[in-house]
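Only a predicted model underlies this, so the values are computations on that prediction, with no experimental measurement involved. First listed ligand is number 1; within each ligand, the first listed atom is number 1.
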Amino acid sequence: MSKTYNALEQAQAQFDQAAEKIELDEATRQLLRQPMREYHFSIPVHMDDGSVKIFRGYRVQHNDARGPAKGGIRFHPLETVDTIRALAMWMTWKCAVVDIPLGGGKGGIICDPHDMSDREQEQLCRGWVRQIARNVGPCIDVPAPDVMTNAKHMLWMLDEYETIHGGRYPGFITGKPVGMGGSLGRTEATGFGVIYVLREALKELNMRIENTTASIQGFGNVAQHAAKLYQSLGGKVTAISCWDNTEKTAYTFRKKDGLDYNALVSITDSFGRIDKEKAIGLGYEVLPGDAWIEQDVDVLIPAALENQISGDNVHKISKQVKIVAEGANGPTSTDADKVLAQRGIFVIPDFLANAGGVTCSYFEQVQSNTNHYWEKDEVIQKLDARMTAAFKAVVDLAKDKKLHMREAAYIIAINRVVRAVKSRGWV
Ligand code: GLU
C-alpha cells in the first residue's frame, strides 16, 4: 500500500526536484514551494429545510508575480486545504508554461452539490464571494470553474461581486455563460487543449491518430470534449470510466469498436454520470471503475481527479500504452510517475496538457475587459496555436537536455516565474 496521499507533498516534491536541477537559490525555493497568501472562512447557508448549515471555503493565491492570480473553484465533499494549495501551485506553473500573464490561485468549498438544490448552491456561491470580495478582482485574483462548478455558478458569483462593488466587472471571473461575458469555446477549451497536445505528441512518436485507441477516466466537461475532438480527428475511444453517485462507485463503460459520442452524452447527467442501464441498452460492457487503466489502448487520459494512477495500480497499465495525457490536475502520484518513466511511456504532464482551460480563460478576460467578443473560430485557432507552441517548447527542451516531459515543463515554467519574482526585486 502506498502511504496516505497528500497533493501538496506531491506538488512540493515535483517542485523540489526541478529546483534542484536548475540550482535555484534557497530564498526563491522557499518563496515558491508554498503559497504567498491564503484565506479560510465560513459560509453560512440557509438550507431549503429551514436549517442553517456552515460550509468551509478557501482561496489560495500561490504566486502573482506574472499577473493576477488565476484558477478555479472546486466543490467537493473531500476537499482539503492542502489539495487547494497544491492546485494553486500547479496553476502558477500552468499559466507560466503557456506563457500567459497570470499567476496561480485556487479556491474551494467543502460541499457535495449532488445533495444541494440550485437555490442552496446559489447561496453558497454568493456566500463565498461575500467572504473574499475584497481580496479578489480583475487585477488581483480571477476565479473560474473547476470540479463540480460551471458557468451557472460563475454568473452567481459575478452578480454578487458586482452587487458588493457597485459596478460591472465582467473581468472578475471567467467561465461565464456565453452572452453574459463568457467566451465562445471556453467550455470545450480544456478537453480540446488535451487533444491538441496529444496530437503533437503522436507526431513526435510517429504515430497516426487515426490508428490509435484511448481509454479515458472521467466523463465530465474535460473528458467529454477531449473524447469528442479525439474521435473527430479519427481516434477511437474504447473505454470511459465515471463516478456513479447514486451507487457511490465508479464504472468503466467499454465498446471496443469505439464509443458513439452523442449517444453517450445523451445518457449522461450534468456531473458526468453515465446511466448504466441505458448504456447496457446501447451495447456497452460495464466493468469495474478501475478497469479503464488496464485497457489495451495506445493512450490513457486520466481526466477526473488527482492521485488516480498510483503505486497501487500503475503496474496494471497495458504494454500497448505509449502516451499518458493528464487531463486532470495531479492524476499521477510521484511513485507511479517513476514507473511510467522507467517504462518509457510518454507523459504529457497535467499543467501542460490541461492548460487549454486557463488559456481560454485568459482570452475571456481580454474580451471581458475590452468588452469586445471574438468569433469562435478565432478563439479556437488562438487556443490551438498557444497549446502547440507550449508543447513544442517543452518537447524541444526535453529532447535537448534528455529530460522527461514533466521535468522539462517544470523547468520552463519555474524559470519564467523566477524571472518575474527576481526582476520585481522580491528575492
Ligand atoms: N480550473 C481550471 C484549471 O484547473 C481552469 C482555471 C481557469 O480557467 O482559471 O486549469
Side-chain angles (χ1 to χ4, degrees), residues 7 11 58-64 66-76 79 83-98 100-109 136-138 140-151 153-154 157-158 170-177 181-194 196-197 218 220-226 302-306 325-331 348-369 379 382-383 386-387 390 409 413:
Y58 305 91
R59 186 71 182 172
V60 173
Q61 294 163 356
H62 172 259
N63 189 281
D64 56 4
R66 286 173 44 85
K70 185 84 192 82
I73 301 169
R74 313 209 311 174
F75 284 0
H76 203 279
E79 195 61 278
T83 309
I84 300 174
R85 288 176 178 132
L87 290 160
M89 191 160 167
W90 283 324
M91 284 308 303
T92 302
W93 315 136
K94 195 181 298 191
C95 294
V97 84
V98 286
I100 54 179
L102 294 165
K106 197 69 127 199
I109 303 178
V136 289
I140 305 171
D141 180 0
V142 183
D146 202 287
V147 171
M148 290 206 268
T149 53
N150 57 38
H153 303 100
M154 299 305 108
M157 289 184 166
L158 176 68
F172 155 60
I173 203 161
T174 60
K176 303 180 289 296
S183 173
L184 290 163
R186 176 63 186 84
T187 311
E188 297 90 331
T190 315
F192 278 18
V194 171
Y196 297 142
V197 291
N221 182 48
V222 178
Q224 285 185 21
H225 290 99
L305 290 171
E306 54 281 353
E326 296 181 334
N329 292 310
I348 314 176
D350 49 2
F351 67 88
L352 170 63
N354 69 33
V358 75
T359 302
C360 195
S361 275
Y362 165 59
F363 298 155
E364 178 173 332
Q365 242 199 320
V366 172
Q367 295 170 78
S368 288
N369 291 338
V379 175
K382 286 189 159 81
L383 179 66
R386 281 267 175 179
M387 293 299 293

Worksheet item: Going by atom types only, do S361 and R186 share a side-chain donor-acceptor pair under 3.5 Å?
Response: yes

Fill in: Smallest separation among heavy atoms of A189 and G356, with atom names
CB-O, 3.4 Å

Discussion item. Looking at N63 and G103, would you say the former's side chain and the latter's main chain have a donor-acceptor pair under 3.5 Å?
Written reply: no

Response to the item:
Only residue of V379, V366, T174 satisfying side-chain contact (heavy atoms from CB on, under 4.5 Å) with S183 is V379

Worksheet item: Which atoms of ligand 1 have any heavy atom of M91 under 4.0 Å away?
Response: 3 (C), 4 (O), 6 (C), 10 (O)

Fill in: Closest to atom 5 (C) of ligand 1 among K106, R74, R186, M154 (heavy-atom distance)
R186

Worksheet item: With a cut-off of 4.0 Å, which atoms of ligand 1 are near a heavy atom of N329?
Response: 4 (O)

Worksheet, complete the sentence: Ranking G175, G72, G193 by closest non-hydrogen atom to atom 6 (C) of ligand 1, top hit is G72

Worksheet item: What's the shortest distance from atom 1 (N) of ligand 1 to any protein heavy atom, and which residue and atom give it?
Response: D146 OD2, 2.7 Å

Discussion item. For a quick test of reading the model, state the closest non-hydrogen atom pair linking T83 to A7 and the distance between them.
Written reply: CA-CB, 4.0 Å

Item to complete: Measure the distance from atom 9 (O) of ligand 1 to every protein heavy atom, then report the residue, atom name and distance (to 0.1 Å) of the closest one.
Response: K70 NZ, 2.8 Å

Discussion item. Tell me the protein heavy atom at minimum distance from atom 10 (O) of ligand 1, and give that distance in Å.
Written reply: K94 NZ, 2.7 Å

Fill in: Numbered atoms and elements of ligand 1 in range of G357, under 4.0 angstrom, heavy atoms
8 (O)

Worksheet item: Heavy atom under 4.0 Å from ligand 1: found in V142's side chain, backbone, both, or neither?
Response: neither

Worksheet item: What part of E364, side chain, backbone, both or neither, has a heavy atom within less than 4.0 angstrom of ligand 1?
Response: neither

Worksheet item: Between R59 and V142, which heavy-atom pair has the shortest distance, and what is it?
Response: NH2-O, 3.9 Å

Discussion item. If you apply the rule side chain to side chain contact (heavy atoms under 4.5 Å, CB included), what do you find for M157 with I73, and how did you get there?
Written reply: CA-CA 11 Å; M157 289 184 166; I73 301 169; 3.4 Å; yes

Fill in: Within-cut-off N or O pair, P145 and ligand 1, under 3.5 Å
yes

Item to complete: Distance to 0.1 Å, residue and atom name: give those for the protein heavy atom nearest to atom 8 (O) of ligand 1.
Response: S361 OG, 2.5 Å

Worksheet item: For ligand 1, is there an N or O atom under 3.5 Å from any N or O atom of N354?
Response: no

Fill in: For atom 7 (C) of ligand 1, the option (of G104, A144, C360) bearing the nearest heavy atom
A144

Discussion item. If you apply the rule side chain to side chain contact (heavy atoms under 4.5 Å, CB included), what do you find for K70 with I100, and how did you get there?
Written reply: CA-CA 10 Å; K70 185 84 192 82; I100 54 179; over 6 Å; no

Discussion item. Would you compute the distance between atom CD of Q61 and atom OG1 of T92 and round it to the nearest 0.5 angstrom?
Written reply: 10.5 Å

